[in-house]
Amino acid sequence: MTFLRFPEGFRFGLSTSAHQIEGYSTADGGGRSIWDHFAHTEGTTQDGDTADVACDHYHRWREDIGLMEQLGLKNYSFSLAWPRILPQGTGRLNPAGLDFYDRLVDRLLEAGIAPTATLYHWDLPVALQQLGGWLNRSVVDWFADYATIAFARLGDRVQQWVTINEPQVVAMLGHVGGQHAPGLRDLWGGLRVSHHLMLAHAEAVSRYRATGQSGQIGIKLVMGPADPASDQPADIAAAGRADAWGSRLFLDPLLRGSYPDILLERFPEAWSCIHPGDLERILDSLDFLGIDYYFRSVIAEGSGQMGVKHLRGPGPRTAMDWEIWPQGLRDLLLRLARDYPPIPLYVMESGAAFEDTLEGGRVHDRARQEYLASHLAAAHQAIAQGAPLQGYFVWSLMDNFEWAYGYAKRFGLIYVDYPTQQRILKDSALWYREVMQRGGLEFEG
Ligand code: IFM
């Protein structure tokens with residue numbers, strides 16, 4: 001066993017999102033989001049689950065902060081529900097919605113926990129979807145106006161902001177594959193949405209910078225390496241295309257001011273949404289880059305729009321059927337450091353769903369602990385090899401509404417017994433408490 005110590009000031013944390021934990025989205029004057037609508041549409045979620053109640057964090061937030069204190073947590077990443085603050089997405093403000101986040105932030109700070117606030121984690125106000133949602137370029141102003149309200153109210157205390165969580169998922173699962181709200185299936189539309197997400201992000205950042213507030217602002221991208229299935233040139237080229245689609249579609253405009261040529265060439269009709277000056281607005285709109293890492297892809301030459309085929313890698317798998325591949329995190333961090341201009345990096349989500357069972361009031365989730373230990377070790381290696389990684393947030397504080405999977409998948413370090421809303425610290429939570437307290441972990445590599 002070796003003790004892997006992280007650098008002084010490294011930020012260990014835990015993450016959640018509003019729609020997945022809060023419940024009661026329309027309480028006290030809040031509005032409905034596209035996920036409220038989608039999950040209530042037949043056949044969209046496992047067992048017809050909805051986030052109507054979720055973890056009832058909207059009412060139990062004090063108790064939940066108490067649990068964070070028990071864990072000795074110092075950094076907590078959560079999201080604001082746009083329709084709680086602006087029920088129609090624009091215009092009339094719901095003071096009770098803003099008050100909720102205001103109190104949450106105050107109490108976190110009292111508990112010595114630094115808040116990281118995400119403005120958009122997939123819960124677009126339904127009223128805006130009726131106007132075209134992310135397909136309508138006006139979303140850039142709608143989003144920036146909402147962001148400005150959040151900065152004005154919370155920006156004196158929130159020192160780390162994330163504009164948008166996983167734009168890949170919004171564009172591709174929401175608008176191309178249809179597995180997520182708003183459930184659309186339109187390839188060109190998905191690409192247009194991806195550009196609008198980038199622009200909305202950039203506009204919110206420019207509003208933030210105009211406030212003169214002293215915090216940092218960035219975005220969270222979900223990514224993993226696209227590894228070629230063999231050393232055949234055709235597979236290597238296919239992996240390059242998969243990487244352009246999954247990662248560079250977002251990394252390149254943000255950090256290079258361009259979209260990958262391969263995507264411009266293959267989908268020429270989609271890009272009429274790029275107006276003169278857009279790419280200049282998007283470039284340099286990050287103080288840090290947040291990375292959500294869950295798995296890598298193994299890619300061979302295939303068919304379809306991108307000519308790629310996804311193969312099953314040899315690693316063990318989580319309950320999501322995602323391959324466990326910690327070295328993918330190291331490779332990703334090093335690649336970002338090598339291929340892009342220098343930018344502070346944060347792992348803002350890392351974690352795994354397993355089949356947890358409650359036995360005598362305990363959850364012995366050894367597999368999750370091992371998963372996290374191996375990924376922390378990979379992050380540690382990347383730092384040792386020069387990646388400017390500043391923090392690592394585990395997904396998630398507690399079990400919650402896992403979108404189309406409903407409550408069937410548990411990612412939490414805290415077990416939630418949904419019928420009673422009882423919270424139980426899993427073994428992994430007790431282990432992570434020690435990691436955070438010691439600033440590192442014992443690891444046998
Ligand atoms: O639960 C999600 C989260 O909302 C976004 N990132 C991935 C997690 C696990 O699927």
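Whatever order the structure lists them in is the order used to number ligands and atoms, beginning at 1.
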**Item:** Proximal atoms of ligand 1 relative to Glu166 (non-hydrogen, under 4.0 Å)
**Value:** 5 (C), 6 (N), 7 (C)
**Message:** Holding to ring-ring contact (aromatic ring centres under 6.0 Å, His included), I want the full list of residues that pass it with Tyr293, two or more places apart in sequence or in another chain.
**Reply:** His375
**Item:** Asp28 versus Tyr58, side-chain donor and acceptor atoms under 3.5 Å
**Value:** yes
**Prompt:** What distance do Arg362 atom CZ and Asp427 atom CG have between them, rounded to the nearest 0.5 Å?
**Reply:** 4.5 Å
**Asked** Hey, is His121 one of the residues with a heavy atom under 4.0 angstrom from ligand 1?
**Response** yes
**Item:** Close N or O approach (Asn165, ligand 1; < 3.5 Å)
**Value:** no
**Asked** Of the choices Glu402, Gln20, His19, which has the non-hydrogen atom that lies closest to atom 10 (O) of ligand 1?
**Response** Glu402
**Request:** Verify whether one side chain among Gln20 and Asn400 offers a donor that lies under 3.5 Å from an acceptor in the other.
**Result:** yes
**Asked** Below 6.0 angstrom between ring centroids: does that apply to His175 and Trp134?
**Response** no
**Message:** Can you check which of Tyr294, Trp322, Phe411, Trp403 brings a heavy atom nearest to atom 8 (C) of ligand 1?
**Reply:** Tyr294
**Asked** Any nitrogen or oxygen of Ser17, main chain or side chain, under 3.5 Å from a nitrogen or oxygen of ligand 1?
**Response** no
**Polar atom proximity, Glu349 to ligand 1 (N or O, under 3.5 Å)** = yes
**Qualifying ring pair (Phe, Tyr, Trp, His ring centres under 6.0 Å) pairs with a residue from residues 337-358, counting only residues at least two apart or across chains** = Phe288-Tyr346
**Request:** Flag Trp122 as yes when one of its N or O atoms lies below 3.5 Å from any N or O atom of ligand 1, and as no otherwise.
**Result:** no
